[in-house]
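Below is one structure, written out as structure tokens; comments come after it.
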Amino acid sequence: MHLISQIFTWINNEILRMTWLSDLIRWLVEKIFGLSIKERLGGSIHFFIYDTIKIFILLSVLIFLISYIQSYFPPERTKKILGNIKGIKGNILGALLGTITPFCSCSSIPIFIGFNAAGLPLGITFSFLISSPLVDLASLLILMSFFGAKIAIAYVVVGLILAVVGGSIIDKLGLEKYVEGYVKEIKNVDAEIIDMSKQERISYSRQQVKDVFHKVWLYVLIGVGIGAAIHNWIPQSIIETVVGNNNPFAVLLATAVGIPMYADIFGTLPIAEALFQKGVGIGTVLSFMMAVTALSLPSIIMLSKVVKPKLLVIFVTIVAIGIVIIGYLFNAFSFIFV
């Protein structure tokens with residue numbers, strides 16, 4: 001058992017957290033730039049370079065692996081799988097399938113439209129829509145590199161629960177008539193499922209890495225920059241006053257601030273890490289991350305072209321309330337993750 005613990009610790013420190021990279025960047029900052037990482041400027045440069053390189057390395061490897069797995073589940077096959085399962089089982093499967101699609105909230109909406117056009121139950125499609133940007137296998141491993149295994153696994157579990165519960169509520173409310181008419185009129189063609197060769201899967205996975213990089217690189221840089229500023233330049237007292245544990249509205253504020261932003265989990269992680277290191281409650285941090293990834297303003301605007309206002313309001317309300325509840329529960333039981 002001790003050996004297993006040592007192996008896991010080594011994997012977490014050297015592969016996920018990349019402590020070797022942190023040491024290398026610290027040497028670079030102190031020996032080449034002549035700055036101490038304990039000072040603001042040196043600490044900011046270390047944070048920015050280290051987090052940027054770490055995220056891009058993890059992103060490249062994980063997106064490649066996830067895309068390779070995803071190549072076995074094209075939309076046509078996914079539709080057939082989901083089409084045969086209804087009720088809570090369908091919501092669970094829809095949420096789980098969302099975990100193998102490394103999409104941001106906006107990228108998930110075209111697939112959401114396709115699922116609706118294929119006649120899949122509305123609740124299942126919403127479980128997928130909530131889960132896809134919020135939780136994926138890549139985010140699990142990257143979260144582990146920032147916050148450790150306990151918090152990462154808990155985040156994924158509550159994200160899936162939110163997706164299942166949210167989709168189930170929408171299903172029970174019978175809101176199919178609030179999907180825009182043109183969606184149902186889209187001609188659904190059952191395309192032939194073509195099995196890919198190993199080389200084709202590798203090429204597909206490489207292209208996915210390039211596509212994801214093209215979409216997220218700027219948001220990662222912005223997120224790391226904001227994280228570096230929070231970590232090294234904003235006084236602890238200000239952060240504690242605004243979103244600290246002594247502010248009973250911290251979770252609500254973090255959720256409200258997160259919704260207008262547009263980024264995926266990779267861009268929000270450096271900000272979340274900096275807030276967490278400043279002593280902000282883990283529930284408040286996770287609420288911010290969930291609001292940004294699941295309810296970004298651009299995705300809400302896109303979704304408004306697909307569903308009518310009543311369904312849109314219900315969807316946003318359910319997810320926002322779920323995020324707030326999750327945030328307060330995490331803060332209340334934060335001792336579990338220490």
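All values below come from the heavy atoms of this structure, side chains included, with hydrogens, waters and symmetry mates left out.
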task: Just jot down the side-chain contact (heavy atoms from CB on, under 4.5 Å) partners of Leu312, sequence neighbours excluded, or say none.
output: Ile300, Leu303, Ser304, Val307, Val316

task: Not counting sequence neighbours, which residues clear side-chain contact (heavy atoms from CB on, under 4.5 Å) with Thr317? List them please.
output: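 Listed in chain order: Val313, Ile321.
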
Quick one: [atom1] on [X] to [atom2] on [Y], what's the gap to the nearest 0.5 Å?
X      : Y      : atom1 : atom2 : value
Ile151 : Ile336 : CD1   : CD1   : 11.0 Å
Ile326 : Asn331 : CD1   : CG    : 12.0 Å
Trp27  : Phe33  : CH2   : CZ    : 10.5 Å
Phe213 : Lys210 : CZ    : NZ    : 12.0 Å
Ile88  : Ile124 : CD1   : CD1   : 10.0 Å
Glu39  : Ile45  : CD    : CD1   : 10.5 Å

State, to 0.1 Å, how close [X] and [Y] come at their nearest heavy-atom pair, and which atoms those are.
X      : Y      : answer
Phe330 : Ile282 : O-CG2, 3.9 Å
Gly327 : Ser287 : CA-OG, 3.1 Å
Asp51  : Phe146 : OD2-CE2, 3.4 Å
Lys308 : Lys177 : NZ-O, 3.5 Å
Met144 : Ala152 : CG-CB, 3.3 Å
Phe64  : Val209 : N-CG2, 3.6 Å

4.5 Å side-chain heavy-atom contact, [X] and [Y]:
X      : Y      : value
Leu221 : Phe48  : yes
Ile37  : Ile25  : no
Asn247 : Thr284 : no
Met290 : Tyr155 : yes
Tyr68  : Arg206 : no

Under 3.5 Å, which donor-acceptor pairs link side chains of residues 156-168 to any protein atom two or more places apart or in another chain?
residue, atom, partner, partner atom, Å
Ser168, OG, Asn91, OD1, 3.3
Ser168, OG, Val164, O, 2.7

query: Just one of Leu129, Thr255, Ile314, Ile130 clears the side chain to side chain contact (heavy atoms under 4.5 Å, CB included) bar with Val319, so which one?
result: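 With Val319 as partner, Leu129, Thr255, Ile314, Ile130 yield a single side chain to side chain contact (heavy atoms under 4.5 Å, CB included), made by Ile130.
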
task: Would you please classify the geometry between the Phe126 ring and the Phe315 ring as parallel, tilted or perpendicular, with 30° and 60° separating the classes?
output: tilted

